[in-house]
Amino acid sequence: MDTEKLNELRQIIEDSDNIVFFGGAGVSTESGIPDFRSVDGLYNQKYKYPPETIISHSFYRRNPEEFYRFYKDKMIFADAKPNKAHIKLAELEKQGKLKAVITQNIDGLHQMAGSRNVIELHGSVHRNYCEKCHAFYDLDYIVNSDGVPKCEKCGGTVKPDVVLYEEALDEENMSRALQYISEADTMIIGGTSLVVYPAAGLIRYFRGRKLVVINMSPTQSDSNADLLIADKIGDVLGSL
């Protein structure tokens, strides 16, 4: 790891009291959750249908059995634990430096690590609702159900509170994320290649002093970064 860059990151964090973190799948890969686009990611595995088709709204409507088979098998990692990145971000929030974690992940690991102000742009596997009566169900209910989960109260289908392809992102979440980003003096982007829109478009609203990008592969924000670290986010944050 580049000691000079690590020291620079340390100094940026020390000098800031309004940091926002924007993260993606790379934050969770170190907890054993595969991302979608890497060599071992879901998009490069073979299924009867392409993963992006299976996790679309129209496929969910047409073929909920196949959707749930894939969802339970490949999108739920109930045993995953927070890694050094999640833990450090929670610490920075406790210190009053980090104001919000904005994540594209659906695994709930930021909250598990102790982060309180987490904006989940793509929802969470831990929240599930009956489509008829809106009764809430936790992750265990989904994991332990056979086939398509049904509501115990009304028999309706229980759907994960996860944004599928063809579905819009929650406007309130987008609005809150935009506000935090536009007011931050430091923004740390980590573990995301910034290719998933509209979420990735939010970073255009950052007007602060320091932009830090920590990612294994190049991102669209590299040229704008004040500090660019091509390394694992957990290793970097865990070394601070």
Side-chain angles (χ1 to χ4, degrees), residues 23-87 89-90 101-115 118-132 134-153 155-167 169-170 173 191-193 196 199 233-234:
V27 180
S28 294
T29 50
E30 291 170 68
S31 292
I33 298 178
D35 69 2
F36 271 42
R37 291 177 172 78
S38 68
V39 178
D40 301 317
L42 291 180
Y43 282 174
N44 292 307
Q45 296 179 22
K46 297 289 179 273
Y47 294 96
K48 190 176 175 185
Y49 304 91
E52 61 266 43
T53 299
I54 298 174
I55 53 174
S56 67
H57 180 83
S58 51
F59 188 92
Y60 167 77
R61 286 278 171 252
R62 275 196 324 271
N63 199 339
E65 294 85 3
E66 187 71 22
F67 168 85
Y68 263 109
R69 198 157 36 241
F70 178 87
Y71 179 76
K72 290 180 192 178
D73 189 34
K74 296 295 178 185
M75 296 187 71
I76 293 175
F77 296 87
D79 296 330
K81 297 285 186 285
N83 60 53
K84 290 177 286 187
H86 298 105
I87 291 162
L89 290 167
V101 167
I102 301 164
T103 181
Q104 299 170 85
N105 298 334
I106 58 173
D107 49 50
L109 291 180
H110 284 292
Q111 290 93 328
M112 207 181 293
S115 288
V118 182
I119 301 171
E120 295 170 309
L121 295 176
H122 295 153
S124 172
V125 296
H126 295 277
R127 296 188 300 270
N128 307 274
Y129 297 95
C130 171
E131 294 198 86
K132 278 187 185 173
H134 308 296
F136 171 86
Y137 289 93
D138 62 13
L139 182 59
D140 285 345
Y141 188 81
I142 302 299
V143 171
N144 295 320
S145 62
D146 292 324
V148 179
K150 295 294 182 182
C151 178
E152 291 178 330
K153 296 172 183 173
T157 298
V158 178
K159 182 179 182 290
D161 187 15
V162 168
V163 179
L164 304 177
Y165 285 108
E166 305 163 353
E167 292 181 342
L169 271 61
D170 180 81
N173 277 339
T192 173
S193 48
V196 178
I233 181 85

Quiz item: Can you find a pair of side-chain heavy atoms, one from Ser28 and one from His86, that are under 4.5 Å apart?
Solution: yes

Self-check item: Heavy-atom closest pair, residues Ala199 and His122
Solution: CB-NE2, 4.0 Å

Quiz item: Just how far is it from atom NZ of Lys72 to atom CG of Asp146, taken to the nearest 0.5 Å?
Solution: 6.5 Å

Exercise. Answer yes or no: is there a side-chain heavy-atom contact under 4.5 Å between Ile102 and Leu121?
Key: yes

Practice problem: Give a yes or no on whether the backbone of Ile33 and the side-chain of Ser31 come within a donor-acceptor separation of less than 3.5 Å. | Solution: no

Self-check item: CG/Asn144: more than 12 non-hydrogen atoms of other groups inside 6.0 Å
Solution: yes

Exercise. Could you tell me which residues satisfy side-chain hydrogen bond (donor to acceptor under 3.5 Å, both in side chains) with Ser115, sequence neighbours excluded, listed by chain and number?
Key: none

Self-check item: Where Val125 and Met75 come nearest, the two heavy atoms and their spacing
Solution: CG1-O, 3.9 Å

Quiz prompt | pair Phe77-Asp107: side-chain heavy atoms closer than 4.5 Å | solution = no

Quiz item: Would you call the rings of Tyr71 and Tyr68 parallel, tilted or perpendicular if under 30° counts as parallel and over 60° as perpendicular?
Solution: perpendicular

Exercise. Mind listing the closest non-hydrogen atom pair of Met112 and Ala80 along with its distance?
Key: SD-O, 3.9 Å

Quiz item: At their closest point, which heavy atom of Gly234 faces which heavy atom of Asn83, and how far apart are they?
Solution: CA-OD1, 4.4 Å

Quiz item: How about Asn128 and Pro160: do any of their side-chain heavy atoms sit closer than 4.5 Å?
Solution: yes

Quiz item: Within a strict 4.5 Å, meaning less than it, do heavy atoms of the Glu120 and Ile106 side chains meet?
Solution: no

Exercise. For Glu167, enumerate each residue passing the salt bridge (charged side-chain N to carboxylate O under 4.0 Å, His left out) test, keeping only those at least two apart in sequence or located in another chain.
Key: Lys159

Quiz item: Counting N and O atoms only, with roles assigned by atom type, does the side chain of Tyr137 sit under 3.5 Å from a partner on the main chain of Glu152, one being a donor and the other an acceptor?
Solution: yes

